[in-house]
Structures are given as C-alpha cells and as structure tokens.
Amino acid sequence: MSIIFNNVRIPMSGTFFPGQKVLVEKGKIASVGSMIRKNVEKVIECEQKYLIPGLIDAHSHLGLFESSTSVDDIHEPFADITPHLRPLDGVKMRDRAMEDARRAGISTCMVCPGSERPISGICSILKTNGNSADVGLIVEQAGVLMSFGEQVKVAARNGEKSYVTRMGITALIRETLMKAQDYYAAKQSKKMVKDREIDMEALIPLIKGEVAMRACAHRAEDIMAAVRIADEFKLKLVIEYGTEAHMLAKVLADKKIPVVLGPTLIPRFRYELNEKTFESAKILMDAGVEVAFTCDYPGLPIETLRVAAAMSIQYGLDEKRALAAITDVPASILGVEERLGKIKKGLDGDLALFSGHPLDIRSRLEALVVDGDLFVFSDELKIESGS
Amino acid sequence: MKTILEKGIIFYQGKFQELDKLVIEKGKITEITLTSTKAKKGKVVPAPKKKTETSATVIDCSDEYILPGFIDAHTHISLEEEGVGWYDADFNESFGLATPQVRAFDALKMRDRAFNDALHGGVTTAMITPGSANPIGGQCCIVKMVGNTAEAAVIKESSGMKFAFGENPKRVYGEQKKFPSTRMGTAAVIREWLMKAQDYLKRKKTKEFKEREIKLEALLPLIEGKIQARAHAHQADDIITAYRIAQEFNLEMVFDHCTEGHLIAKELGKWKARAVVGPTFSSRCKPELRNKTFETVEILMDEGCVVALTTDHPVMPIEGLSVAAAMCVRHGLDEERAIKAITENPAIILGLDKRLGKLEVGYDADVVVWDGHPLDTRSKTKAVFVDGNKVI
C-alpha cells in the first residue's frame, strides 16, 4: 500500500515544520518534502496536524503479560539463570495491550522477560502490527536481561533461594559469565568438541560484544554493580530503570552507557524507588548520557509513554530532547537507528499522526502507520483513495 | 591546592607534640614541622617562599588536636544500610554455606548515613566484610569514607577472605537443620574448600585445565598469599582452631573479635598474632562473649601482638571507635597505645602502613582536627580531611 500525508507538520531541528508531505511506499518512507507528486492508494489530508515517527518503548513486557488476568509469561520464578528464554515464545499478539500500544502511537517495543531473576532471558525487538510475533519481529537477540537489587532479593527470599544479598546476586551473575567465557573459548578451540549447552549458547552473542547486557537496576549501587561486571567482562551495557542514575550522570557519560529510564509515574512503593524524580532525564542528558523513556508495561499502562516525556518537560527538559527520548534515542539504544526513529527517506514506514502537539496530553492519535500498514483511530480524518 | 594547618597539638611519632605547621598538597602530607625542631634550627621561613603560599588555605589549630584519620579494621558499614530494613540487608548469604565468591564490595551503599557518621567520629578508612553466618563468608574490601561510588572510595576491592568459627555458623545452619551444627563441622567445611583450592591451583597449571570455578578462583589469592584470612573467632578454642587451619594451609591470618584472646595471650604473643578486638561495648549476648573485657587489648599488646580496636559497625555505631579506645584507657591502657589501636595498628593489620595510620610526610592526607583531646568523649571533630579534601 502507498500512503501520502498531505499538509502535515513534522519535527525538524527542534520545532514542527508545517506544510510538509510524507510518502510511504512498500512499507518504507519513500519521500519527505513539500513538493511530492505521486499517484498513491490513500491520500490523507492532514490540515497541519502533527506527524512524528512511530514511538518506541525500549523496555516492556508487552504481550507477555496477559491483560485482564492474573496470568503472565514474564517471570520464571523457580530458576535463577535462564538466558535461553525467548520472548517470542511467549508474546500474545492479539492481547488487548497490543491495540492499546497502537492507539498510543507506539510502533515498536523491546520485549523482555521479567526482572526478578539475575539473568532472565534475551530481549527482542518487535513491531506492534503483526498477526504473529514472527511477522513483527525486527531483531530477536537484541540483548540479555540481567537484574540487580531489591526485586531480585525479594523474589529470592520468597522463593527461598540460596542467595539473598546483593553480593550473592552479583556473584551468581559473575559465575555465569565466567562459564560463558570459558564455554566460548572451548568452543573456539577446535580440539575440544563438546555438547552444546542451551543457556551458554544464548550468552555467546553477549560475550562476543554483539549485543548488550541490559541491566535492570534502580539504586546507584546496583547500577555500579552492573557497570563493574560489564567492565570486567568487556560487555556492552544499557541500564534499565535507572531510578538513581542521575546520581551517577558523570560516570555513565564517561563510559557512554545509555539509560532506559522509568517507570517514573509510579509511587515509591519500594525502598529502591526513594530517590525517584522526573528531573533525572534532564540531569542525565545534560551530562551527555543517552536517555530513552520507558513505561515498563505492565509496570505502567503502555499509553503512558508520551506522558513520561511530557512530565519531564514539566521538570525542565526541552521538547526536542523529550520527543527524541521516545523516538530516535530508543532506536539508537536498540541498535536499529538505521531503520527506525526518524521521518527520513529509506527508513521504515512507521508514523503517528496526532491532532495537536504530540507532547500535549490532550492531543489525540488520529492514525498510525506501521511498516506501511494503516491504522485509523479518528472518524474525522479525511482519507481519499487514489489520485 | 595547598592546605596548611598551623599550631595545635599533633599526634606525631607515637606521642603528642606541639605543631608548627603541617602542609597538605595533592592529597598527601608534604611537610610537618614541630615547634621544638623549628626552635632548634632557629630559622624563620624565608620571604620568597611566601609568594607561593598565598594560594594556600591556612587553618589555625591553636589549642586543637591533630590526628591521623582513624581506621576501623572490621566493619559491615552499608552492607545493612541503617534505617532501611530487610531490603538493604546484604550481610549474610545465609543459605550458601561456603561463599568465597561473594564480595562485600558489590553491596556497598555509598549514601548510607554511617559513612558520614564515621567521618564525624574521625574515622576515615574502614575494612568492610561480609557477615559471620557462613564458615566461608566472602571477600572483604577496604574503602575510605567518601565517594559517590564504591570505585571512588576504594583502597582494595578484595583485601581478605572472611572465615567464621564458633557459635554463628553452628547456629545458622543448625536452625536450618543442615550441616554443620558443630564446631567440628564448621572446621571441616573450611578445610574441605581450602583443600579443593590447593588442588585447583595445581590443576590450573596443567594442560587438562578447562573451566574456571568461581568459588575456587576466589580462594586462589588466599592460597597464594596475596590476601589475608580474616577469622571471626571469639572463644579461645575457636581462635586456636583458626590458627591450626592457618598453619595447615600456610595462610596469613588476622583474628577478628578475639574476645577471649587474653586467656591465650602467651600463645598469641608467640604467634606474633594480629588481632582486631571488639566490639567490646556490646553486651554479653551469647555464651562465647562471657569473658569479654576491655583489658584484652592491653594484655595482648604486652605480649607483643599487633592489636586494633573495632566497633563491628552496625553492632556498635562507627562513631564509637574513639570511645572504645577511651574505655581501654579507663581499664589501664596508656593513651598512646590506645590511639595506636585505632590508627597505626589497623593500618599494619590491613597492610596499609606505608600510606595510612600515621601523620608522616608522604602519607595520605587523612587528617582530623579535634577541638579537644580525642579520647575525651566530649571532644568533637572540627575538620576532617580525606586525601587532602576537606570533607567536614
């Protein structure tokens, strides 16, 4: 399908530039400008509405949690180290939350297992349009999820696990990574042919530096534990949650470690959330840290991604960086900036059309395009076929 | 940046003396002049030098006491953050039995109020160790009391391996209805792992060696003599058991708590033992503390042991370190040795005596200015320098 958005505002160097046209063909953005002439199947007259790249949440459990039930496929409570768990095997594409995500303008999510176990599985990048997870899949092995701090301790205590301290969690992760290094070394030396181990196999891309260690950590100390381990094993690192990351802004900036920040719109119901503040994003960005917002669905409803960005503006962040933190920055953190996050020729046809400024919470999503598939959410939108 | 402390009474070369000036530059002590030596030389500071000193901060310490930052050689600061509860209790890996691979360094919480309390109590350096629930508890670290991250505070990430003898492991595993529930069992667990580590070291040097084992890797520096064994032992017989194992495996051992040390003072003296005694201010809350006394320190020192005092924070609050030294004075110890027990001696025990524990040229500028005699409980820290930075 080919679609053209006529007379639309698009983000350009910090403001919204009016009177633009955006053409989507064969699932990709084919052209951007004011002078496009082309025969297309659908013409959308936008009347100066706001078109932005499809939003990206770089950390969620979308589709793993089953809406309106108490059932989830997020947590594997009786195993500590499960890097071989794949989100693809648990995502339910017809879950209501997938529709909620589309209605919120979200075209892409990183989906991962839960953060209650030291190493819980791999992270996958999915689009929200597919009828099956395989269709929406962008990258299957996009990182390995590890967790530090209070949540792991609580879960370990409830499950009567053999480690109940931060020292124990760190030691367990270190032990696993040592094994993985040795496993990989043995595998490379051709003399030692051996049986494969499914958990170690899942860690090889991490050990080789192809994918990042995605470390769930709220407190500064837990973040530093992750930094220390990443340094020891020479791993790429992304901090998830990062509630106290602003206290380490300089360390993270120096080491070029990005933060997927949030969920901030929650009460301080655990001790590790005590220092939570909406100022974090600005402090981190000012120091030079890459920051993307997350609502950690189902930690918060998936619709609140835009709210997180808006709240940070209330606390001093500028609109440009707030918007980037839910579009091109998460794309870059996820390593898919060649495909997603911007309105630019050649990138995926993922676009969200809002009735007003996208960071004004009163603005309504009127249409979403994911890989060229059009979802319309407003009866008033003027769509004509062919011309 | 240069800081000059002028006048006052300095604890220098083992005794209190009158200070002319102490100069701090680039985190180190660069000059110490006493009024007595200045008088002998009979020289006044030459005029041209004054120019360079205009950028220096000069602090007049008249009538005040200048001491090296105190060192507590056995604490659990921030492993169980104060005022928080279970969520931040990272003290004992109490289902693990032998956990040499766990490191206190990975559980420090640098915003724990205790770090600030320590500075107010004149304590600038502490050894932090996992708890004593396990026969092998994990790795100790040494940090200064300042820093936003553990990395910024660190002196040694892994300075020693914690072992526990006596009641604690027995009680913890006994209650879980698991092995060991006797002192024999505890010693056997420790011996078993040390044997494994010795064999692992041999195996590692051969070609058949393939995969690392994290617990044994953690024990290697100990077997190789690179880090010290820290033996939690209260009762005389437990101290002797610890020593026996240290001899068998050729370990460099420090005795922690050493509550009944005075009952075997002759033996400890013969071993040239190094002991970290305390927390003597606690109550006799378990049988192995029944012979606790403030006299232990003096008795052991008289036999030639190197003795340091500890608060075992949070068992006793860290500010109480100088109070513990004062209590020893009340029980007969001389002031100079009481101060050494919280400065020079812990530095020797931690292997940091070339850097810390004394005010000497070239040493770290961890300097505390007290508004009165440091062993007078009414005295207060007026200024605290860590690595030359004024933190209070």
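Throughout, protein chains are lettered first and strands after them, A, B, ... in sequence-line order, and every chain is numbered starting at 1.
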- Query: Hey, does the side chain of B:E211 reach the backbone of A:K179 with a donor-acceptor pair shorter than 3.5 angstrom?
  - Reply: no

- For B:A107 and A:R166, which heavy atoms make the closest approach, and how far apart are they? CB-CB, 3.8 Å

- Task: Determine, for B:E81 against A:R219, whether the closest basic-nitrogen to carboxylate-oxygen distance falls under 4.0 angstrom.
- Result: yes

- Query: Is it the backbone or the side chain of B:Q139 that comes under 4.5 Å from a heavy atom of chain A, or both, or neither?
  - Reply: neither

- Note on the structure: On a heavy-atom basis, the closest approach of B:D90 and A:V164 is OD1-O, 4.4 Å

- Message: Quick one, A:T170 with B:R103, criterion side chain to side chain contact (heavy atoms under 4.5 Å, CB included). Give me CA distance, side-chain angles, the key distance, then yes/no.
- Response: CA-CA 8 Å; A:T170 316; B:R103 312 189 318 160; over 6 Å; no

- Between chain B and each of A:R174, A:M224, A:E150, count heavy-atom pairs under 4.5 Å; write down the option with the most. A:R174

- Message: Can you tell me if A:K255 has over 12 outside heavy atoms packed within less than 6.0 Å of its NZ?
- Response: no

- Check whether more than 12 heavy atoms from other residues, nucleotides or ligands sit under 6.0 Å from atom NZ of B:K178, and answer yes or no. yes

- A:K282 atom NZ, neighbour heavy-atom count above 12 within 6.0 Å: no

- So does B:K215 pair up with A:E175, basic N to acidic O under 4.0 Å? no

- Query: Within a reach of under 6.0 Å around NZ of B:K226, are more than 12 heavy atoms found that belong to other residues, nucleotides or ligands?
  - Reply: no

- Query: For B:F179, does the CZ atom have more than 12 heavy-atom neighbours from other residues, nucleotides or ligands under 6.0 Å away?
  - Reply: yes

- Query: Under 6.0 Å from the CZ atom of A:R268, do we count more than 12 heavy atoms belonging to anything else shown?
  - Reply: yes

- Are A:V251 and B:T149 side-chain neighbours, meaning at least one heavy-atom pair lies under 4.5 Å? yes

- Item | Heavy-atom contact with chain A under 4.5 Å, split by part of B:F91 | backbone

- Can you name the one residue among B:R212, B:E213, B:Q101 that meets side-chain contact (heavy atoms from CB on, under 4.5 Å) with A:M178? B:R212

- Query: Does A:E244 reach the side chain of B:R111, with side-chain heavy atoms less than 4.5 Å apart?
  - Reply: yes

- Contact part of B:A218 toward chain A, heavy-atom cut-off under 4.5 Å: side chain, backbone, both or neither? neither

- Message: Please report the interatomic distance CD1(B:I214) to CG(A:L177), rounded to the nearest 0.5 Å.
- Response: 9.0 Å

- Which pair of non-hydrogen atoms, one from B:V102 and one from A:M167, has the smallest distance, and what is that distance? CB-CB, 3.6 Å

- Expected output: side-chain B:N148 to main-chain A:M247 donor-acceptor under 3.5 Å: yes

- Item | Distance (rounded to the nearest 0.5 Å) between A:L248 CG and B:M110 CE | 11.5 Å

